[in-house]
Every structure is written in C-alpha cells, then in structure tokens.
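Some notes on the structure that comes next.
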Amino acid sequence: MATSSLNPAFAYTVVYVKDVAKSIDFYAKAFGYHVRRLDNSHRWGELDSGPTTIAFTPIHQRETDQRSGAVQTSQTVSERPPLEVCFNYADVDAAYKRAVENGAVAVSQPEDEEWGQRVGYVRDIDGIVVRMGSYVAKPVKED
C-alpha cells in the first residue's frame, strides 16, 4: 500500500436549508450553539461547534446547482434526507426538551440503548433528522 502525505481534516458539514437566517437562529435556540457568522446576504451561516464547522446555505443557488446538481429533499414526513446531524450532550433529556420547546419536531423521545448511550431524535425546521445522544458509556467490568 502506498503512503500519502495527505492528512485531511474534517472542516465543514454544509446543511442546505430554505432560510439560512431562520435555521441559524433555530439551531442556536434549540440546540444551544453560538452563531459564529451570518453573512449580510444571508446565503451563508456558521455555528461555533469546535473543530468542525456546521454551515448553512440555501437549498438552491446557482453556484452549487450548476456545479454538482440540485439538492434533493424529502417529499413526505415518512422519508428522511440522506443526512443525519448528531449532537452529544451530558443531559440528553434536558437537551431534547429544549429542542422541542424551541421548535424542533419530536420524533423519538430519549431512551437508553444497549450499547450504553441515551438517544432521542427530532427534526429541524427543514425536516432534517437530528440525533441527540449522550456520550457512550465505558463498559463496566465484571469481577
């Protein structure tokens, strides 16, 4: 196997939305993020989320539609986009409650999973599924 000098860093997740300013405001209120940037044209926004930026841009724009094709959106609530945004919280129940109180659509209330994580699901204002989970617990050793 050939070695490479490439060492990529995961820099951005770009979420295509109907209204960038509304989505930025929604994510700040519902999920607790701070807005890093919203440009004056409201065609690009970023949330301060650590080393990987969560960015928002309009669903349709000349630059991306012509270069890489039009964004495909779900047609019904039983469909979901091919993207799921996942956030980890120390208190999933409180985070889930905050999200729903701030406009997220409840999908599945938090519950404990067999792998040691507490997980709940909501949809954002554009129908994107947001997974809200705890950090995975370390397995307990049995003596």
Side-chain angles (χ1 to χ4, degrees), residues 1 3-61 63-65 67-143:
M1 182 163 102
T3 59
S4 171
S5 62
L6 297 177
N7 188 15
F10 187 38
Y12 284 86
T13 293
V14 179
V15 182
Y16 291 87
V17 297
K18 295 173 193 148
D19 185 310
V20 172
K22 282 183 182 177
S23 289
I24 285 283
D25 184 58
F26 168 77
Y27 272 74
K29 289 177 181 170
F31 303 111
Y33 283 99
H34 295 283
V35 178
R36 177 186 296 161
R37 177 177 167 222
L38 176 60
D39 73 7
N40 290 336
S41 72
H42 290 192
R43 292 183 58 206
W44 185 262
E46 298 175 355
L47 298 175
D48 190 10
S49 60
T52 303
T53 300
I54 303 169
F56 298 85
T57 197
I59 289 176
H60 296 291
Q61 52 183 295
E63 300 88 2
T64 55
D65 285 358
R67 288 186 185 144
S68 57
V71 172
Q72 302 299 307
T73 58
S74 301
Q75 302 301 308
T76 68
V77 294
S78 65
E79 297 177 335
R80 62 186 177 127
L83 167 76
E84 182 175 289
V85 180
C86 303
F87 302 135
N88 283 347
Y89 294 93
D91 186 340
V92 176
D93 293 273
Y96 183 90
K97 181 180 179 199
R98 174 188 176 153
V100 172
E101 287 174 349
N102 283 283
V105 176
V107 173
S108 176
Q109 291 199 14
E111 57 185 47
D112 295 326
E113 299 294 351
E114 62 187 64
W115 56 86
Q117 188 178 38
R118 188 156 180 79
V119 177
Y121 293 88
V122 297
R123 285 185 186 265
D124 75 3
I125 60 175
D126 286 286
I128 296 168
V129 174
V130 178
R131 178 184 183 167
M132 305 172 77
S134 63
Y135 297 93
V136 177
K138 292 181 182 178
V140 177
K141 285 187 177 182
E142 293 183 26
D143 293 323

Separation between CD (E111) and CZ (R118), nearest 0.5 Å, reads 8.0 Å

With distance as the sole criterion, is a donor-acceptor pair present between the side chains of Q117 and W115 under 3.5 Å? yes

Taken to the nearest 0.5 Å, the spacing of D48 CG from T53 OG1 works out to 8.0 Å

One should read off an interatomic distance between T57 OG1 and D39 CG, to the nearest 0.5 angstrom, of 8.0 Å

Note: P58 and Y16 closest approach over all heavy atoms is O-CD2, 3.3 Å

| said: Please determine whether the number of non-hydrogen atoms from other residues, nucleotides or ligands lying under 6.0 Å from atom CD of Q109 exceeds 12. | reply: no

- Message: Working note: F31 + F26, criterion ring-ring contact (aromatic ring centres under 6.0 Å, His included); need CA distance, chi angles, decisive distance, verdict.
- Response: CA-CA 8 Å; F31 303 111; F26 168 77; 5.7 Å; yes

_salt bridge (Lys or Arg N to Asp or Glu O under 4.0 Å) for K29 and D25? Distances and angles first, verdict last._
CA-CA 6 Å; K29 289 177 181 170; D25 184 58; 3.2 Å; yes

| Worked verdict on V122 versus Y96 for side chain to side chain contact (heavy atoms under 4.5 Å, CB included) | CA-CA 8 Å; V122 297; Y96 183 90; 3.5 Å; yes

Rounded to the nearest 0.5 Å, the CG atom of L38 sits from the CZ atom of F56 at a distance of 11.0 Å

Any side-chain heavy-atom pair from V15 and S23 closer than 4.5 angstrom? no

Output for pair (N102 CG, D124 CG), nearest 0.5 Å, gives 13.0 Å

Min side-chain heavy-atom separation V119-V92 under 4.5 Å:
no

Between Y27 and I125, is any pair of side-chain heavy atoms under 4.5 Å apart?
-> no

Between E84 and C86, the two heavy atoms sitting closest are OE2-SG, 3.7 Å

Interatomic distance, CG@L47 vs OG1@T52, rounded to 0.5 Å, equals 12.5 Å

Heavy atoms of S134 and G116 approach each other most closely as OG-O, 4.4 Å

